[in-house]
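Proteins come first, then strands; the chains are lettered A, B, ... in the order of their sequence lines, and each starts at number 1.
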Amino acid sequence: MSTNKGHTPARDFIRQIVKADVESGRYDGRVVTRFPPEPNGYLHVGHVKAISLNFGIAEEFGGRYHLRFDDTNPESEDEEYVLSMQEDIRWLGFDWGEHLYFASDYFGQLYHFAEVLIKKGLAYVDSQSGVEIRESRGTVTEPGVDSPYRMRSTEENLDLFRRMRACEFEDGAHVLRGKIDMASPNMLMRDPVLYRIRHAHHYRQGDEWCIYPLYDFAHCLEDAIEGVTHSLCSIEFTNNREIYDWVLESVGFEEPRPHQYEFARLEIQNAVLSKRSILPLVEAGAVSGWDDPRLSTLRGFRRRGVPPEALRNFVGMVGIARTESTIDVAKLDFAIRDVLNDSAPRVMAVLDPLKIVLSNYVEGPGEVLEAPYYPHDVPLQGSRGVPFARELYIERADFAENPPKGFRRLVPGGEVRLRYAYVIRCEEVVKDAEGKIVELRCSYDAETRGGDTPDGRKVKGTVQWVSAQHALDAEVRLYERLFLDGASQAEQDEPVDLLARVNPKSITVIEGAKIEPSVADDPDDTRYQFERTGYFWRDPVDGSVERLVFNRIVPLKDSWGRKTAKSAPASPESVSSSTVMPVVAEMPTSSGGVKGPIRERPAVSEQRAAARTADPSLAARFERYSTELGLSIEHADLLSASHATGDFFEAALQAHAEPSEVAAWMVTDLRGLRGDRALAGLPFGGEALGALAALVAGGRVSRRAAKDVLARMVEQGGDPSDLVAEMGLEQVDDHEALQSVISQVLEAWPDKVDDYRAGKKNLIGLFVGEVMKATRGAADPNAVRGLLTTSLEE
RNA sequence: UGGCCCGUCGUCUAAUGGCAGGACACCGGUCUUUGGCACCGGCGGUGAUGGUUCGAAUCCAUCCGGGCCAACCA
């Protein structure tokens, strides 16, 4: 059993399942997961979720995780992807150690399992053509028809399959199919193809094989071979679970065997992830390659400079559920900034330089000022010298001749602080013939060296700067979202259209940026914060020591920019940050909003009504239930759905002749408890249910407690009366006894009592619940409620 | 249209019959030599309708909405 027992927080439904399995010893406490990509493309954010789920769970529960390449299709797979995926996963921070596997290594075993199926009469060789197979499969509403080859003898099937393996046939001449059910409502169960003939060269197996297994056959067996316990995949495979189980059981894998659980894929607002969508962009040159920093591929993130830790944190923030969802990119940006804020040294760079001349500062080489790499709130040490001289650059946007309200930067005649340097005052604005500002003449206050004001005067603004003669030239690349609105929609409809939706501002190349010289001495992979601008690092492909090229990883939050953009007449073009949300289309009023005449709610379902039309005796039951027994139409409908249901109900009535009570038990409580199980498969009959209802009516057990009894009955049967005694659920309605429990509860929750008395009346639920808990469900909730209300009113 | 899956703040996600909570976003404030960070506060949600229950986001039913499945892909 895992040493982690009880200490692992079950953050999501999958971890809850794993935790329960570990605690119950289902797999002797083992946890084995796997990440099973097909090596046919590059990894993207979506994969990060799957990787960190699978690998994270194994780590948390002290299990092991496998990296398995699901390379069963020779036509789409390649060694290059095998290598790049490993590199990307290592970069992300996961190490699978010795647990690297290839599905193609199992081809021999898989072949053997196929023969097992044939020998059991559960698989056959079909010699129909591809189109015939497709056409005979039927549709979602019509059943398929059996193949004429379905009844071949085991010997013939075996012979044919062995000859398929021996490459005696052309592509498509035969396939191996599971013999399941051509009328199954699940299309995947309509005799699925298990093996096909493909004379293709496999990148690992060469020409050893000319038959290849298909996903539904291979994947579950790969899991079983490796001893995987929890096979996690995305929800589009939900329908495949039935065949996953069928194959494993048919081949002979017994419990504890692997089981499949599905979770929702990760989608990000405005990001396209599929190979199908990205390939055309690469081919058309709309992006520079699979590692384009605007792409959500792992290679793209890596080149942009995103720290792998940020990606791991991001998927952790997103959570695991079964609801299809699209995450706001702002969450990703947050995760990236959050990591970088605590780790990136700050340096100064000016992207759009405006020259300033300090008329009262001496000409010459100037001086070197000490500037810390980190602000006071980042617990890291370090500083560098920054050269300061008479001629400097500041950001053009940090000066305004006619400042908007609230502008805290340089204005004519105004002061601003140069970060870690001096306070300066703008004395004169120099313009060219067109009226464009080319230079500012300023004075500096020698008393403010370092940026402090000894006289105590307040300087609102602080701006970054670089010395003109010392600054390094750099190219800076700013990235914004790759697509204009509606891209994700387009991805589904017409992938080609994506080209037309590329955001022309998705990349902005700034050639003439100026950066402080200290960066020349730093390691190539240093991630910086350019003060007040954003996080950057050197582009690992195009940058070099001679030619500085920086990628913006993510901009800083900019609440001033947001404010001004809002008040400005603002064309939509003026947005400049990747955090800007795409305009969300007006959602059509949800169906819930009642508009127009309220539709009459149908009380009976069409299906059940039809069943009664076909069977008059059912119709008679419905009639009797709704009139003679006085049931509601809804209950009468449900209970006359089939004879099994009606019989059960009537048997219950024998033990407790209160139709509406028994009906309620049957259609709500029992229905919810038994799930998919048929009434006939229950370990008790109608009489027992009736007996239970009678116990409640007689006051022996509370209805709440009775539901727990019923749950036990569903699991293992038993006599209601005995169970009540055994489970200690005899109803406690002795007021004195209850009152003492109530007092304890109220003492334990003084704050809540105050809140209740202050008007938060729904806390009554909490109190009743606590009393019920304290009595292990035996208290009479009605009495409790009454007593509680009285106590609380005092 | 048959089967299966899913509907909780703008976006993700908790609550497993008992206080609808958290994160991001947004708004306001405090702090600040980054209009960053941090901190404080605010906004805002159980798709609808019935039923069961002392009590329903949770169980049942109907409706509405979304997704997946008819490759010899995975």
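A donor-acceptor contact under 3.5 Å is not formed by the side chain of A:R562 with the base of B:rG35. Side-chain to base pairing of A:E634 with B:rG50: one donor and one acceptor N or O lie within less than 3.5 Å of each other.
Residues passing the ring pair (Phe, Tyr, Trp, His ring centres under 6.0 Å) test with A:F334: none are found, sequence neighbours excluded. Annotation: salt bridge (charged side-chain N to carboxylate O under 4.0 Å, His left out) contacts of A:R674 (sequence neighbours excluded): none. Applying the salt bridge (charged side-chain N to carboxylate O under 4.0 Å, His left out) rule to A:D338 yields no partners; only residues at least two apart in sequence or on another chain are considered. For the side chain to side chain donor-acceptor pair (under 3.5 Å) test, residues two or more places apart in sequence or in another chain that qualify with A:Q128 are A:D126, A:S147. Checked against salt bridge (charged side-chain N to carboxylate O under 4.0 Å, His left out), A:R346 has no partners two or more places apart in sequence or in another chain. With sequence neighbours excluded, the residues satisfying side-chain contact (heavy atoms from CB on, under 4.5 Å) with A:D70 are A:T72, A:A103, A:Y215, A:H219, A:E222. Applying the salt bridge (charged side-chain N to carboxylate O under 4.0 Å, His left out) criterion to A:E236, with sequence neighbours excluded, gives A:R265. The disulfide (SG to SG under 2.5 Å) search around A:C210 returns A:C167, not counting sequence neighbours.
A centroid separation of 6.0 Å or more is found between the aromatic rings of A:Y528 and A:F536.
Within the nucleic acid shown, A:E395 has no heavy atom closer than 4.0 Å to any nucleic acid atom. If you check every strand for non-hydrogen atoms under 4.0 Å, A:S129 touches a base.
Comparing A:H174 and A:D377 along RNA chain B, the residue whose closest nucleotide (by nearest heavy atom) sits nearer the 5' end is A:D377.
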| query | So what's the dot-bracket for RNA chain B: Watson-Crick or G-U pairs under 3.5 Å, [ ] if a pair crosses, | if it pairs off-strand? | reply | .((((((..((((....[..)))).(((((.......)))))....(((((..]....))))))))))).....

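Across residues 749-764 of chain A, A:W749, A:K752, A:N762, A:L763 each have a non-hydrogen atom less than 4.0 Å from an atom of RNA chain B (numbered order).
Here A:Y215 does not lie in a stacked arrangement on the base of B:rA74, lacking the combination of planes under 30° and ring centres under 5.5 Å apart.
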Report, one pair per line, the protein and nucleotides 55-58 of chain B atoms (nitrogen or oxygen only) whose separation is under 3.5 Å.
residue	atom	partner	partner atom	Å
B:rG55	N1	A:R704	NH1	3.3

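Side-chain proximity of A:R137 to the nucleotides B:rC24, B:rG35, B:rA70 is greatest for B:rA70.
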Exercise answer: donor-acceptor pairs, residues 769-790 of chain A side-chain atoms, under 3.5 Å, sequence neighbours excluded:
residue	atom	partner	partner atom	Å
A:E770	OE2	A:K773	NZ	3.1
A:T775	OG1	A:V771	O	3.1
A:T775	OG1	A:M772	O	3.1
A:T775	OG1	A:A779	N	3.2
A:D780	OD1	A:N782	N	3.1
A:T789	OG1	A:R785	O	2.6
A:T790	OG1	A:G786	O	2.8

